[in-house]
A.B. asks: 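Following this message is one structure expressed as structure tokens.
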Amino acid sequence: MAGSTAADPICTDEPLLRLESLKVYFRAARGLVRAVDGVSVALERGRTLGIVGESGSGKSVLARSVLRLLPERSTIQTGGRILFDGQDLCRLSESELRRIRGRRIAMVFQDPMTSLNPVIPIGRQIAQVLKYHLGMAPKAASARALDLLASVGVPSPRQRLEEFPHQLSGGMRQRVMIALALACDPELLIADEPTTALDVTVQAQILDLLHRQQNERGMTLILISHDLGVVAKLADRIAVMYAGRIVEQASAEALFGDMRMPYTAALFRSIPKLANPSHTRLEAIDGRPPDLAGELRGCRFAPRCRFAGDRCRDEEPPLGRKPPDHEYACWHPMHLTARGGNA
Ligand SMILES: Nc1ncnc2c1ncn2[C@@H]1O[C@H](COP(=O)(O)OP(=O)(O)OP(=O)(O)O)[C@@H](O)[C@H]1O
Ligand code: SF4
Ligand SMILES: [Mg+2]
């Protein structure tokens, strides 16, 4: 848990990233999709924020909105601010954003095959990024691409420079994606499901790689996953998303010491545990998240929550705070520890 082990992260009082009441909606055939619906979160320099939630909870839309990478025609940002190093990214022009995107804030996208160009050798793809953002000459860019591949643990990197994405295994492709994202030494790296679809051993290697690179570079990291177990390995702070909102957030220590939201507890129960025999069935969460284009009344988790009462179905619980900084949105909070007992 809590990844700050090697070099101490550089921490100043002002967070590197602060989202304030961010709302991102889409115009879609089925109506207005409230993908991100009033999210506030802050991330200090050198720290790791884990964002966790089931499929469709708004994790990727949140990540892409930081980079302002959403379809212009259908996206409506109805409110909020995205402050990066004190600057509101929502107010920047496209050319100003291009100086930040990929250079100061980089992203490892959810699907490496759609993010890598299938017809360009990977060495050339990395060199192109270096030329575009840093104006590097071709020779220097190729040398740096080789260094980057070696630093992310790609074996025989010189030979790999000439290969195409489809020639690499899933784990190797993910390493290449990380090399691409690290090319310009970003201050903030957003890794969106970097280990999904990888087997457990490769998953652990990729998480270890991210952790080492973060420590070596003093980088700030946002790690997104549907798996609370993955996020728990690196995150200093964890934000749990459900149906476009943050429903619980706290330091990893506080969250696992005292889970308040039944949804967080359900995610926790769905983590594979080493202590359990391999044939043990994971506890799935019954039901499905609500349609974000439909009517959202009361607590969005109520139809699936075994503690739901009348108030839950009628009134949306506000994000309450337990000092110093544990927030949760629940009318009947629990007190559950990661060891299974009551806090
Ligand atoms: N361009 C779009 N137009 C309309 N709806 C969209 C668009 N992009 C995303 N959505 C919707 O926004 C919601 C949040 O999507 P998002 O991709 O952020 O989920 P996620 O938490 O990343 O899920 P996953 O774990 O499957 O990656 C979903 O209901 C999705 O269908
Ligand atoms: S507010 Fe009610 S329905 Fe929602 S999580 Fe809490 S107990 Fe369950
Ligand atoms: Mg996603």
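Just follow the structure's listing: the first ligand is 1, and inside any ligand the first atom is 1. Index from 1, following the sequence.
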A.B. asks: Considering only the protein, which heavy-atom contact is closest to atom 26 (O) of ligand 1, and what is its distance?
C.D. replies: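 Going atom by atom, the protein heavy atom closest to atom 26 (O) of ligand 1 ends up being Ser55 OG, 2.5 Å.
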A.B. asks: How far is atom 28 (C) of ligand 1 from the closest protein heavy atom, and which atom is that?
C.D. replies: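 The closest heavy atom on the protein side is Gly56 O, 3.9 Å.
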A.B. asks: Side chains of Arg68 and Gln77: donor-acceptor distance under 3.5 Å anywhere?
C.D. replies: yes
A.B. asks: Which is closest to atom 25 (O) of ligand 1 by heavy-atom distance: Lys59, Arg27, Arg64?
C.D. replies: Lys59
A.B. asks: Under 4.0 Å from a heavy atom of Glu54: give me the atoms of ligand 1 that qualify, with their elements.
C.D. replies: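 Reading through ligand 1 atom by atom, the close ones are 21 (O).
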A.B. asks: Report yes or no: do Ser57 and Glu54 form a side-chain donor-acceptor pair below 3.5 Å?
C.D. replies: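 No - no donor-acceptor pair under 3.5 Å links their side chains.
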A.B. asks: Write down the atom of Ala28, the atom of Val33, and the distance for their closest heavy-atom approach.
C.D. replies: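 Minimum heavy-atom separation between Ala28 and Val33: CB-CG2, 3.9 Å.
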A.B. asks: Using 2.8 Å as the cut-off, note every protein N, O or S atom close to atom 2 (Fe) of ligand 2.
C.D. replies: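 Listed by chain and number, the nearby protein N, O or S atoms are Cys312 SG.
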A.B. asks: Can you report which non-hydrogen protein atom sits closest to atom 15 (O) of ligand 1, along with the distance?
C.D. replies: Val61 CG2, 3.8 Å
A.B. asks: Checking a contact table here: which protein heavy atom is nearest atom 11 (C) of ligand 1, and how many Å away?
C.D. replies: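 Nearest neighbour among protein heavy atoms for atom 11 (C) of ligand 1, to 0.1 Å: Val33 CG1, 3.9 Å.
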A.B. asks: Salt-bridged, Asp310 to Arg313, with N to O below 4.0 Å?
C.D. replies: yes
A.B. asks: Counting distance only, does the side-chain N/O of Arg101 pair as donor-acceptor with the main-chain N or O of Leu67 below 3.5 Å?
C.D. replies: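 Checking the backbone N and O of Leu67 against the side chain of Arg101, a donor-acceptor pair under 3.5 Å is found.
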A.B. asks: With heavy-atom distances below 4.0 Å as the criterion, list the atoms of ligand 1 near Ala35.
C.D. replies: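 Going through ligand 1 atom by atom, the ones under 4.0 Å from Ala35 are 12 (O), 13 (C).
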A.B. asks: With the side chain counted from C-beta on, respond yes when Ser225 and Glu193 share a heavy-atom pair under 4.5 Å apart, and no when they do not.
C.D. replies: yes
A.B. asks: In this structure, does ligand 1 have an atom that sits under 4.0 Å from one of the heavy atoms of Met241?
C.D. replies: no
A.B. asks: Mind checking whether His226 has an N or O less than 3.5 Å away from an N or O of ligand 1?
C.D. replies: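 It does not: no N or O of His226 is found under 3.5 Å from an N or O of ligand 1.
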A.B. asks: Pull out every atom of ligand 2 sitting under 4.0 Å from any heavy atom of Met261, numbered as shown with elements.
C.D. replies: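 What qualifies from ligand 2 is 5 (S).
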A.B. asks: Quickly, which of Val154, Val202, Leu149 forms a side chain to side chain contact (heavy atoms under 4.5 Å, CB included) with Met172? Name it, please.
C.D. replies: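 Single side chain to side chain contact (heavy atoms under 4.5 Å, CB included) partner of Met172 among Val154, Val202, Leu149: Val154.
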A.B. asks: Pick from Arg297, Arg311, Arg245: which one makes a salt bridge (charged side-chain N to carboxylate O under 4.0 Å, His left out) with Glu316?
C.D. replies: Arg245
A.B. asks: List ligand 1 atoms under 4.0 Å from Pro71, heavy atoms only on the residue side.
C.D. replies: 1 (N)
A.B. asks: Taking the basic N atoms (NZ, or NE/NH1/NH2) and the acidic carboxylate oxygens, is any pair closer than 4.0 Å for Asp111 and Arg173?
C.D. replies: no
A.B. asks: Would you say that more than 12 heavy atoms from the other residues, nucleotides or ligands in this model lie under 6.0 Å from the CG of Asp199, or not?
C.D. replies: yes
A.B. asks: So, does Gln125 use its side chain to make a donor-acceptor pair with the main chain of Asn117 at under 3.5 Å?
C.D. replies: yes
A.B. asks: Closest non-hydrogen protein atom to atom 6 (C) of ligand 1, residue and atom name please, with distance?
C.D. replies: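 The closest heavy atom on the protein side is Phe26 CD1, 3.4 Å.
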A.B. asks: Under 3.5 Å between some N or O of ligand 1 and some N or O of Ala28?
C.D. replies: no
A.B. asks: In this structure, does ligand 1 have an atom that sits under 4.0 Å from one of the heavy atoms of Gly53?
C.D. replies: no
A.B. asks: Would you mind telling me which of Leu189, Thr220, Leu97, Val66 makes a side chain to side chain contact (heavy atoms under 4.5 Å, CB included) with Ile105?
C.D. replies: Val66
A.B. asks: Quick check on Glu94: does its CD atom have over 12 non-hydrogen neighbours (other residues, nucleotides or ligands) under 6.0 Å away?
C.D. replies: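 Above 12, so yes.
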A.B. asks: Among all protein heavy atoms, pick out the one at the shortest distance from atom 27 (O) of ligand 1; state its residue, atom name and that distance to 0.1 Å.
C.D. replies: Gln110 NE2, 2.7 Å
A.B. asks: Where is the nearest protein heavy atom to atom 17 (O) of ligand 1: which residue, which atom, and how far?
C.D. replies: Ser60 CB, 3.7 Å
A.B. asks: When you measure from the side chain of Arg300 to the backbone of Ala243, do you find a donor-acceptor pair of N or O atoms at a distance under 3.5 Å?
C.D. replies: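 Yes, the answer is positive, given that a donor and an acceptor are paired below the 3.5 Å cut-off.
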A.B. asks: Going by a strict under-4.0 Å cutoff (protein heavy atoms only), does atom 30 (C) of ligand 1 have a neighbour on the protein?
C.D. replies: no
A.B. asks: Any idea which atoms of ligand 1 are less than 4.0 Å away from a heavy-atom of Glu193?
C.D. replies: 25 (O)
A.B. asks: Between Arg321 and His326, do the side chains contain an N or O donor and an N or O acceptor separated by less than 3.5 Å?
C.D. replies: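 No - no donor-acceptor pair under 3.5 Å links their side chains.
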